[in-house]
J.: 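Below is one structure. I have some questions about it.
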Amino acid sequence: MIIDTNAYLGHFAFRQLRNNTAASLLKLMDDKGIDKAIVSSASAITYRNTQPANEALAAEVQSHRDRLIPFGVVNPFYAGWRDDLKACHETLGMKGLRLYPGWHNYKLADPGCHDLANAATERGLILSIPLRVEDARDRSWLVDVPDLPPADITALIKAFPKARFMLLNGLQFVSTPLGRRGTDLPTNYLIEISRIDSVLANEMGQLIANLGADRVVFGSGMPFNYPDPALLKLEVLNAGKDVKDKVAWKNAAQWLGLAP
Amino acid sequence: MNTTAADEPLPTRRRFLKHATATASLLATDLARTGGPARAELAIEDQPEPKSKPEPERRPKVIDCHAHLAHRSKPSWADDDRALIDAADRLGIDQLCCSLLTPRKGATPEGFQECNRWALEATKRFPDRVLAYCYVNPGHTKEALEDIRRCVGEGFIGVKLYNDHFATDPVIFPVIELAIELGVPILHHAGHLHYFLKEQPRISDGGHFAELARRYPEAKLICAHVCGGGDWEWTIKALRHAPTVFLDTSGSVLDDGVVELAVQTLGADRLVFGCDMSMTAGVGRIRGADIDPVDKAKILGGNMEAILKGRK
């Protein structure tokens, strides 16, 4: 069993994506042995009003809810975000959100973002935060969205110990408090592996050693990324089946409330 | 992190193959369909075979065209080099074409000569696993040419150029001409970004290589790390009409579709597999590419093997 915590549907503004419909992504997942995936709208990253993208996503996965788990994209500085949040949760049946502070022009420390974190936590929604969308070197001439600073995420995690966070598309956590052993941070966040390697410096192994196998989850970034590197790093991870199962699906299943 | 001492005995071929068995399918999944055995099958090749069984066709060699050895100013250099071999073992990579760069770019002759001596030592520590590029700063023409000639004479497989000068700068022409004379490839650092990279003001891109290739069509130019050099779609399109330039698939960027676009635009014969130390990214993107298994085998090693056979 593999659950991908970092997948997308829809169009991205700056590059054509393949396998970005429910049918084609499911075909890719079948080919790669990935059972379920958390998906959000790639289009919502650059939309001003993200809610139509959330609605389109929900419609796209409607007949595949057993495998595609939709997360909404909500901008806490856009009019009506509380209505959108309520709709994402109550009408569209979403179990979490993805936040794009860099793309939506706010900071994680802004009071508006804290309002969103509070509201999502009250609803039991997972807050999924991609530290980047694209590699900075690939960026279009139109935009310059820097990676989220780990310190901003650390502060948010500290401020909301009852919230649940998934940190996506990050790297070098072990050189920050987020990936170190023995910090005063709450254990309310999971780290996703798409950019973290299990050979050479082996950050994946270091994170498991520092935080525990319960804190690391599989994610690929598909269809932005080939899913194969993430699958490969899990395969060659120097760990037993128990640890690999936790990373591959058990941790995500527990957070998503999925039956084993 | 692998902590094996550098002077630990090298793994025997049998031990290496046994170790690699668990991950044999990593690169061999598609190759197996070409008729070549996966490493798992190779693992039993030392055992006597019944005479009635046909000899299995050997799996094509997997060659990482872009790897780096650690500079010895780094205290962990020996462990780091060993970890590279360990990663190659786990990922089914047979050979690593390595350069050893000075920490500060704009290398002095003393700096690159020292690096090349250490690279030579690494080829002896890891025989048949580490192949070495001779790294030079072409701005020091006399010393660069001397070191290239010496290194290739000692078995180095090619020349590595960084970003000291644009690939179209006449200062690098003598280096290209010597590489042509010796029949060795030039792996050249590359990138095309849609903003000025102030740390690398003279980084070359696909357009520079296309221009250089028009001047020197006999040169075996390898444009480095398409997946670590900015807009890869731009790079691939820029190289379309430069048929003598190879493209190295390495880099840390995991973007889907790079390999397919490169095969479609340039042809599989012009692609060479590499990791540039992003090991699972490098291997994973080739494994994931939706291309013909025969093309995959060429990219993984066949093309680089052919390039290396051209040494005079």
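All values below were derived from every heavy atom in this structure, side-chain atoms included, with hydrogens, water molecules and symmetry-related copies excluded. This one's a predicted model, so the numbers in the text were calculated from it and none came from an experiment.
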J.: Hey, does V236(A) have a side-chain heavy atom less than 4.5 Å from the side chain of M279(B)?
T.: no
J.: Would you say CD of Q16(A) has more than 12 non-hydrogen atoms from neighbouring residues, nucleotides or ligands within 6.0 angstrom?
T.: no
J.: Would R18(A) and D256(B) satisfy side chain to side chain contact (heavy atoms under 4.5 Å, CB included), going step by step from the backbone distance to the final call?
T.: CA-CA 8 Å; R18(A) 308 182 300 177; D256(B) 175 71; 2.8 Å; yes
J.: Between R285(B) (side chain only) and P229(A) (backbone N and O only), is there a donor and an acceptor less than 3.5 Å apart?
T.: no
J.: Is it the case that more than 12 heavy atoms not belonging to K32(A) sit under 6.0 Å from its NZ atom?
T.: yes
J.: Looking at Y47(A), I'd like to know if its OH atom is crowded, meaning that more than 12 non-hydrogen atoms belonging to other residues, nucleotides or ligands lie closer than 6.0 Å.
T.: no
J.: For N238(A), which atoms come within 4.5 Å of any heavy atom of chain B: side chain, backbone, both, or neither?
T.: both
J.: So which residue, L17(A), D135(A), N225(A), V199(A), ends up with the most heavy-atom pairs under 4.5 Å with chain B?
T.: N225(A)
J.: Can you establish whether the number of heavy atoms outside K107(A) located under 6.0 Å from its atom NZ is more than 12?
T.: no
J.: On a heavy-atom basis, which atom in M277(B) and which in L200(A) lie closest, and how many Å separate them?
T.: O-CD1, 3.2 Å
J.: Give me the atom names and distance for the closest heavy-atom approach of Y195(B) to R137(A).
T.: OH-CA, 3.7 Å
J.: Kindly give the heavy-atom pair with the smallest separation between R287(B) and E235(A), and that separation in Å.
T.: NH2-OE2, 3.0 Å
J.: Between R15(A) and D255(B), does any side-chain N to carboxylate O distance fall below 4.0 Å?
T.: yes
J.: More than 12 non-hydrogen atoms from neighbouring residues, nucleotides or ligands closer than 6.0 Å to CD on Q172(A), yes or no?
T.: no
J.: How about D66(A): does its CG atom have over 12 heavy atoms from other parts shown lying under 6.0 Å from it?
T.: yes
J.: Return yes when atom NZ of K105(B) has more than 12 non-hydrogen atoms of other residues, nucleotides or ligands closer than 6.0 Å, and no otherwise.
T.: yes
J.: Measuring from L232(A):CG to T280(B):OG1, what's the distance to the nearest 0.5 Å?
T.: 5.5 Å
J.: Does a sphere of radius 6.0 Å around NE2 in H71(B) hold more than 12 heavy atoms from other residues, nucleotides or ligands, not counting ones at 6.0 Å or beyond?
T.: yes
J.: Which one of L197(B), V253(B), D231(B) has the most heavy-atom pairs closer than 4.5 Å to chain A?
T.: V253(B)
J.: Nearest 0.5 Å, please: how far is CG in L254(B) from CG in N169(A)?
T.: 8.5 Å
J.: Side chain, backbone, both or neither: which part of L231(A) has a non-hydrogen atom closer than 4.5 Å to chain B?
T.: both
J.: Measure E233(B) against the heavy atoms of chain A and call it side chain, backbone, both or neither at under 4.5 Å.
T.: side chain
J.: Under 4.5 Å heavy-atom distance to chain A, tell me which part of W234(B) shows up: side chain, backbone, both or neither.
T.: neither
J.: Using every non-hydrogen atom in the two residues, find where Y226(A) and V259(B) come nearest and quote the distance to one decimal.
T.: OH-N, 3.1 Å
J.: Relative to chain B, which of D228(A), D144(A), L28(A), N19(A) shows the most heavy atom pairs under 4.5 Å?
T.: D228(A)
